[in-house]
Asker: 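Dumping the structure here so I can ask a few things about it.
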Amino acid sequence: VEVKAAPEYVHFSVSSITIGMGQQYDVSNLGVLPEDSCPALKFTPESSYVLNNLGDGVIKGKALGTTRVKVVTHNQQVALLTVKVQSAPTVFTLTCDTPVVFVKDDIRFTVTFPTNTMGSVTFESSNEEVLSIDDSGNAHAITDGTAVVTATSHNGIKVRYNVTVYKHVSGLSLADSALSIVHYDSVQLAANVVPADAYDTSLVWTNSDPGSLSVDENGVITALNVTSSPVTVTVTSNDGGFTDTCLVTVTPVRLADMQL
């Protein structure tokens, strides 16, 4: 038998809480005692009209109003918690803190009740292989795909949120690392974005000598002047900042290629 010291005090970690009609709440989780003291506590609502006492610190909103819950230790240390009971919600909103969700993202869903209503909710994902979610609305995107998050209030109201999990760009390469083009010619550089179905596959093209070579937003290069050394064309992914380069040399037009 382990004998612990009698507590010198007891208090609640908060001074008041608000719950909804019909909502259960475990106030024993709010009781604070000195470390290594005897944890024997008794919780009692002052008003059985406003709150039902379900035992072991669990209360349930019974009627609109405000009352207090008293906690007493075995050596008569006392603390009081104010409890307000409001109407249970008939509607509520469900929001996500991230507008676009990617694989491996940690996101959070939040419920907002209308003014003067209160309740508790549980969360559920329709596809736990794509998106997992805990009782507090914290979710983790596991792989790409879709899932529906459902928040259910203690009185049975359901709100759903459709989630699509996308892939980030993981790599980028050009088909050619070097090439030669004739003065005045245009050539399309081919870029390979991995994966091809990433959310944002847009690219930015630049080159080291705009006077000799132009490159447009689609990777089409045009030879403006003959070069004495290769011009570096760089492509960069907007998602992830991956890059690759191609060395381009502009050669003169041969007389044999000219049409008279």
Side-chain angles (χ1 to χ4, degrees), residues 93-110 123-134 136-151 158-227 229-251 257:
T93 58
L94 176 62
T95 57
C96 177
D97 66 353
T98 305
V100 181
V101 182
F102 293 96
V103 175
K104 297 184 179 180
D105 276 358
D106 291 311
I107 60 178
R108 180 172 175 79
F109 289 88
T110 302
F123 295 92
E124 181 182 8
S125 170
S126 66
N127 192 344
E128 288 282 345
E129 294 182 356
V130 170
L131 187 79
S132 62
I133 191 166
D134 65 16
S136 299
N138 300 304
H140 178 69
I142 300 167
T143 188
D144 62 299
T146 59
V148 179
V149 171
T150 301
K158 295 181 182 291
V159 177
R160 295 174 176 85
Y161 192 104
N162 295 317
V163 180
T164 300
V165 180
Y166 297 97
K167 299 175 185 176
H168 274 300
V169 171
S170 60
L172 170 64
S173 62
L174 288 171
D176 298 297
S177 59
L179 58 83
S180 178
I181 65 174
V182 177
H183 191 197
Y184 303 120
D185 278 358
S186 294
V187 175
Q188 169 79 60
L189 292 180
N192 179 40
V193 178
V194 179
D197 60 348
Y199 176 74
D200 181 5
T201 57
S202 61
L203 303 172
V204 175
W205 298 85
T206 57
N207 79 82
S208 61
D209 186 359
S212 299
L213 199 73
S214 69
V215 57
D216 69 11
E217 66 274 13
N218 298 311
V220 176
I221 58 175
T222 300
L224 304 177
N225 284 298
V226 175
T227 59
S229 59
V231 177
T232 301
V233 175
T234 302
V235 60
T236 304
S237 65
N238 279 313
D239 180 13
F242 295 94
T243 64
D244 199 7
T245 59
C246 178
L247 298 178
V248 181
T249 301
V250 180
T251 60
D257 295 332

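Computation of the quantities below employed the complete heavy-atom set of this structure, encompassing side-chain atoms and omitting hydrogens, waters and symmetry-equivalent molecules.
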Asker: Holding to side chain to side chain donor-acceptor pair (under 3.5 Å), I want the full list of residues that pass it with Asn218, two or more places apart in sequence or in another chain.
Answerer: none

Asker: How would you list, by chain and number, every residue that makes a side chain to side chain contact (heavy atoms under 4.5 Å, CB included) with Arg108, sequence neighbours excluded?
Answerer: Asp97, Thr110, Ser136, Asn138

Asker: Once side-chain hydrogen bond (donor to acceptor under 3.5 Å, both in side chains) is applied, what residue pairs with a partner in residues 163-179 remain, sequence neighbours excluded?
Answerer: Lys167-Asp197, His168-Asp239

Asker: Is it the case that more than 12 heavy atoms not belonging to Tyr199 sit under 6.0 Å from its OH atom?
Answerer: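 Check fails, neighbour count at 12 or below.
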
Asker: Sequence neighbours excluded, which residues qualify as side chain to side chain contact (heavy atoms under 4.5 Å, CB included) partners of Ser180?
Answerer: Thr249, Thr251

Asker: Can you list every pair that meets side-chain hydrogen bond (donor to acceptor under 3.5 Å, both in side chains) and has a residue in residues 181-191, with sequence neighbours left out?
Answerer: Ser186-Thr222

Asker: Quick one: side-chain hydrogen bond (donor to acceptor under 3.5 Å, both in side chains) pairs with a partner in residues 202-211, sequence neighbours left out?
Answerer: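 Those involving residues 202-211 are Asp200-Ser202, Ser202-Asn238, Asp209-Ser212.
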
Asker: Is a donor on one side and an acceptor on the other found under 3.5 Å between the side chain of Thr98 and the backbone of Val100?
Answerer: no

Asker: CG/Asn162 to OG1/Thr146 distance, rounded to the nearest 0.5 angstrom?
Answerer: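 Atom-to-atom, Asn162:CG and Thr146:OG1 are 8.5 Å apart.
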
Asker: Looking at every heavy atom in both Val103 and Val165, which two are closest together, and how far apart are they?
Answerer: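 Scanning both residues completely, I find the closest heavy atoms to be N-CG1, 3.6 Å.
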
Asker: Please report the closest heavy-atom contact between Asp244 and Leu174, naming both atoms and the distance.
Answerer: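 Closest approach of Asp244 to Leu174, heavy atoms only: OD2-N, 2.7 Å.
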
Asker: Could you report the tightest heavy-atom contact between Gly145 and Val130, atom names first, then the distance?
Answerer: C-CG1, 3.8 Å

Asker: Would you check, one step at a time, whether the test ring pair (Phe, Tyr, Trp, His ring centres under 6.0 Å) holds for Phe123 with Phe109?
Answerer: CA-CA 9 Å; Phe123 295 92; Phe109 289 88; 7.1 Å; no

